[in-house]
Structures are given as structure tokens and as C-alpha cells.
Amino acid sequence: MAGETVYSFASGQTPLPTEIIEAVEADILNRHRGGLSLLELPFTCDEAREILRDTELGIRELLGVPDTHEVLFLQGGAYAQFGILAMNLGGPGRLGAYVETGHWSRRAAHEAKSWIEVHRAAQGDGTRLPPSNEWHLPASVAYCHFTSNESADGLQYHAQPELAGVPLVVDMTADFLTRPLDVGRFALIYASSQKNLGIAGLTVIVIAKSLVERCAERVPAPFHYGLQVRERSKVNTPPLFAIAVAGHVCKWLAARGGLGAAAERSTMKAQQLYGLIEEGGFYNSPIDPASRSQISVRFHLPTQALEAEFLAQAQANGLLHLKGHPDVGGLRASLYNLVALKAVEVLADFMREFRRLKG
Ligand SMILES: *Cc1c(COP(=O)(O)O)cnc(C)c1O
């Protein structure tokens with residue numbers, strides 16, 4: 001962070017720890033070795049190959065990705081994957097089941113419609129997530145798609161779904177690498193990088209080899225999972241800079257105890273804010289406690305006028321980007337993996353003080 005201390009709770013781009021920004025700075029200025037800056041490396045050179053390998057290894061080790069799964073580095077963001085995954089896994093007569101629980105999963109289902117027949121497996125009401133035993137799956141579906149954290153709505157699945165015999169596909173953009181995961185249960189995990197893995201430009205795909213074999217033929221080459229697996233994410237120029245930043249994020253997480261410790265930090269951060277919400281009377285949440293997100297903490301004040309005042313005063317105190325998603329209004333603090341506990345403590349102190357003055 002540069003200049004005066006400010007804290008960002010933005011949903012669209014995570015703040016980064018100083019150590020990571022400094023590591024990236026060293027890569028750019030190439031203080032470590034002679035030769036080219038990170039910004040100048042062609043993707044075909046040995047250093048670039050090493051960066052791709054390091055980041056892949058970092059993700060594999062943190063998540064415990066088994067040999068049954070490939071890791072791909074693509075572009076276009078999670079939104080592009082909504083269509084791309086349906087292009088790869090769809091085809092005539094194929095059915096994709098979608099669990100529609102909020103803003104992002106609705107978009108995922110909508111985009112998929114051009115490539116696969118969409119069946120709605122479940123529909124949330126915006127306050128509670130339907131558990132997997134309430135999902136309705138027809139006899140033969142190509143896959144079942146859900147969104148682990150609805151960042152606009154403030155909802156998060158805390159239990160991993162139990163599905164037998166159906167390839168499970170998950171948009172994990174908002175809570176990727178924030179907790180341990182049994183990767184073997186998923187056929188396809190995807191996440192764009194700007195929320196928990198650094199900066200925008202990279203989309204990570206973790207895909208079961210058995211699913212790769214079932215991909216359709218007619219998919220643009222840079223989006224074709226099978227081709228990208230064969231070419232090790234180098235069908236065309238990969239986003240090397242974002243991949244290098246992601247590598248630093250992985251090292252940072254590994255040095256701090258891996259995903260078990262990340263999950264503990266997440267719980268601690270979220271509790272700072274939910275504690276205030278649970279005290280009631282001033283801050284409130286419309287969301288069922290069992291479905292509340294530890295990553296996207298949504299809250300409301302008694303009136304919209306108070307919410308506007310809260311936002312203005314928060315900003316004046318260096319607490320930035322707390323406006324809720326336009327779909328649902330109110331306020332939202334995004335507590336991605338790299339958001340410091342200290343930032344959340346400062347926000348909680350501000351919230352207590354604001355309540356004391358206005359409540
Ligand atoms: C932010 C977000 C997206 C959109 O990601 P882009 O990288 O902007 O395409 C998709 N899904 C979820 C769950 C998100 O939180």
C-alpha cells in the first residue's frame with residue numbers, strides 16, 4: 001500500500017500485502033539477476049517456463065491437487081468461463097444442471113444456455129443456500145454447476161456438496177484458496193485471480209483428466225481445455241505477469257501455514273463483523289446465519305440515509321470500497337485471503353464508533 005494508510009474492502013480487486021508488492025517490484029526491476037525484467041520475458045524462454053511451473057506447483061501444494069487433475073492458466077476471467085466451460089462440456093443432447101443461488105450463478109446459467117441445455121437444479125431465495133441434498137438432478141447430466149461464494153449476495157457454502165456420479169463444477173472465484181478442499185470431489189474448479197490470487201488477467205482451472213477427455217471438438221483453441229492441457233497453457237501467450245503475482249501469493253500463503261491457517265484467519269476476520277451484526281439493533285443482515293459468507297460480509301443499517309453517511313465517513317477515515325452490490329444494496333466488506341486482520345479490526349472499531357454516535 002502506498003502513501004497514507006488506507007484499507008480497501010473492494011469486491012473486484014483484493015488489496016495486497018506489502019511483502020507481495022515488494023516481491024513483484026523486485027521481479028520488475030530485476031534486482032535478483034541480470035537479464036530481462038519480468039515485464040519483458042517472452043513466454044517461450046526458460047525463466048517464463050519456470051514461473052509457470054512454480055505457480056502451478058504452488059497451487060498444487062496448497063490445495064493438494066491429486067495426479068488425477070490438471071491445472072490450467074487461461075484468460076478472460078470467471079465470466080468468460082461461464083460460456084467457455086459450457087462450450088467444452090456441452091453439445092447436442094447434453095444437459096447441464098445449475099444451482100442458482102444469486103447474482104453470479106444466475107449469470108453462469110444464462111451464459112451456458114448458448115452451448116448446453118440448462119436444467120435448474122435448485123433456486124435460492126437470496127437469504128439461504130439450498131444444501132446439496134435439496135438439489136434436483138435429472139438422471140443424466142453432463143455436469144452440475146454451483147457457486148461456492150456468491151460475492152454480490154453475501155452467501156457462502158460452508159459444506160462441500162455430496163453428489164454421487166455427477167461431475168461437479170464450481171465457480172470458486174470469491175473463495176479460492178481460503179480453506180482446505182477435497183479437490184478429488186470436483187471435476188472442474190475455476191477462479192479468476194484478482195480476488196484471492198493477486199491481480200486480474202489470469203483464470204485458474206483445476207480439471208479432472210477424465211473430464212478433459214469428454215471435451216467438445218469445436219471450441220476456439222485458446223479456450224479448448226484439451227488443447228491447453230496438451231500445450232501446458234501455452235496454446236497462445238499466457239498472462240505471465242499475473243501468473244508470477246499468483247506465484248508470490250502462493251508462497252506467501254504457504255509460509256503462513258497453508259489453507260488450514262488461511263481458513264482460521266478468515267473465520268477470525270469475519271467474526272469481527274458478524275459479532276457486531278449479531279449484537280443487533282443497528283447493523284443487521286438479512287442472511288440466514290448458516291449461509292453467511294466469511295468472504296463477502298453484507299450488512300445493512302436502519303436507513304439508507306445512514307448507509308450513505310456511513311460510506312462517506314468510512315472513506316474519510318481511509319476505509320474504502322464498502323458499498324454493497326447494486327443488486328442488493330446496503331454495505332459489503334470483501335474479506336479476501338490477502339485482506340489483513342488489522343484492516344478488519346480498524347473497520348470494526350469504526351463501526352462501533354459510528355453506532356455509538358448514530359445508534
Ligand atoms: C467476481 C466474480 C466473478 C467475475 O469474475 P471476472 O474475473 O470479473 O470475470 C464470477 N464469479 C464470482 C463468484 C465472482 O465473485
Side-chain angles (χ1 to χ4, degrees), residues 52-53 55-91 94-99 104-105 108-109 111-112 115-116 141-149 160-161 163-177 180-193 195-197 201-236 238-239 242-243 246-247 250 259:
L52 261 80
R53 202 179 43 224
T55 303
E56 175 173 349
L57 209 65
I59 291 170
R60 281 190 174 274
E61 283 178 357
L62 280 170
L63 273 179
V65 177
D67 289 344
T68 49
H69 286 60
E70 304 278 0
V71 176
L72 292 178
F73 298 138
L74 306 187
Q75 302 191 54
Y79 204 153
Q81 284 305 313
F82 298 164
I84 291 168
L85 76 89
M87 250 186 222
N88 275 277
L89 307 178
R94 288 204 182 172
L95 199 61
Y98 278 78
V99 180
W104 287 115
S105 54
E111 285 291 303
W115 315 99
I116 194 164
V141 289
Y143 60 87
C144 177
H145 178 286
F146 79 107
T147 303
S148 54
N149 186 95
Q160 301 307 326
L163 290 187
V166 177
L168 193 56
V169 174
V170 59
D171 174 2
M172 218 173 259
T173 296
D175 59 358
F176 191 56
L177 302 184
L181 201 66
D182 180 3
V183 173
R185 286 218 242 160
F186 297 88
L188 173 60
I189 298 168
Y190 64 101
S192 50
S193 51
K195 291 174 180 171
N196 294 295
L197 204 53
L202 167 67
T203 312
V204 173
I205 315 279
V206 180
I207 184 170
K209 289 174 180 166
S210 57
L211 197 65
V212 174
E213 286 157 15
R214 269 180 268 164
C215 285
E217 298 271 321
R218 291 162 62 90
V219 176
F223 301 151
H224 192 284
Y225 295 149
L227 263 183
Q228 284 286 17
V229 164
R230 225 173 304 150
E231 300 295 329
R232 308 217 58 80
S233 303
K234 287 181 290 195
V235 165
N236 62 334
I243 293 170
C250 289
L259 300 193

> Does the side chain to side chain contact (heavy atoms under 4.5 Å, CB included) test come out yes or no for C250 and L197, once each step is laid out?
Replying inline: CA-CA 8 Å; C250 289; L197 204 53; 4.2 Å; yes
Atom of [X], atom of [Y] and distance for their closest heavy-atom approach:
X    : Y    : answer
P238 : I243 : CB-CD1, 4.0 Å
P167 : L211 : CB-CD1, 4.2 Å
L259 : P180 : O-CD, 3.5 Å
R60  : H69  : NH2-O, 2.7 Å
G201 : S193 : N-OG, 3.9 Å
K195 : A174 : CD-CA, 4.3 Å

Within this structure, what is the [atom1]-[atom2] distance for the pair [X] and [Y], rounded to the nearest 0.5 Å?
X    : Y    : atom1 : atom2 : value
L62  : L181 : CG    : CG    : 11.5 Å
I59  : F73  : CD1   : CZ    : 4.5 Å
R94  : W115 : CZ    : CH2   : 15.0 Å
E70  : I205 : CD    : CD1   : 12.5 Å
M172 : L188 : CE    : CG    : 10.0 Å
E56  : E61  : CD    : CD    : 10.5 Å

Atom [atom1] of [X] with >12 non-hydrogen neighbours under 6.0 angstrom:
X    : atom1 : answer
R232 : CZ    : no
D182 : CG    : yes
W104 : CH2   : yes

> Hey, mind stepping through F146 and L168 against side chain to side chain contact (heavy atoms under 4.5 Å, CB included) and telling me if it holds?
Replying inline: CA-CA 8 Å; F146 79 107; L168 193 56; 4.0 Å; yes
Side-chain donor-acceptor distances from residues 74-90 under 3.5 Å, at least two apart:
from, atom 1, to, atom 2, distance (Å)
Q75, NE2, T237, O, 2.9
Q81, OE1, Y225, OH, 2.6
N88, OD1, Y225, N, 3.0
N88, ND2, I84, O, 2.9
N88, ND2, F223, O, 2.9

>> Using side chain to side chain contact (heavy atoms under 4.5 Å, CB included), reason through C144 and V99 one step at a time and then give a plain yes or no.
In response: CA-CA 8 Å; C144 177; V99 180; 4.1 Å; yes
>> Quick one, Y190 with V204, criterion side chain to side chain contact (heavy atoms under 4.5 Å, CB included). Give me CA distance, side-chain angles, the key distance, then yes/no.
In response: CA-CA 6 Å; Y190 64 101; V204 173; over 6 Å; no
> Taking the side chain as C-beta and beyond, is there a heavy-atom pair between P66 and V183 under 4.5 Å?
Replying inline: yes
>> So does R218 get a backbone contact from the side chain of H224, meaning a donor-acceptor N/O pair under 3.5 Å?
In response: no
>> Please check: side-chain N/O of T147 versus main-chain N/O of D171, any donor-acceptor pairing under 3.5 Å?
In response: no
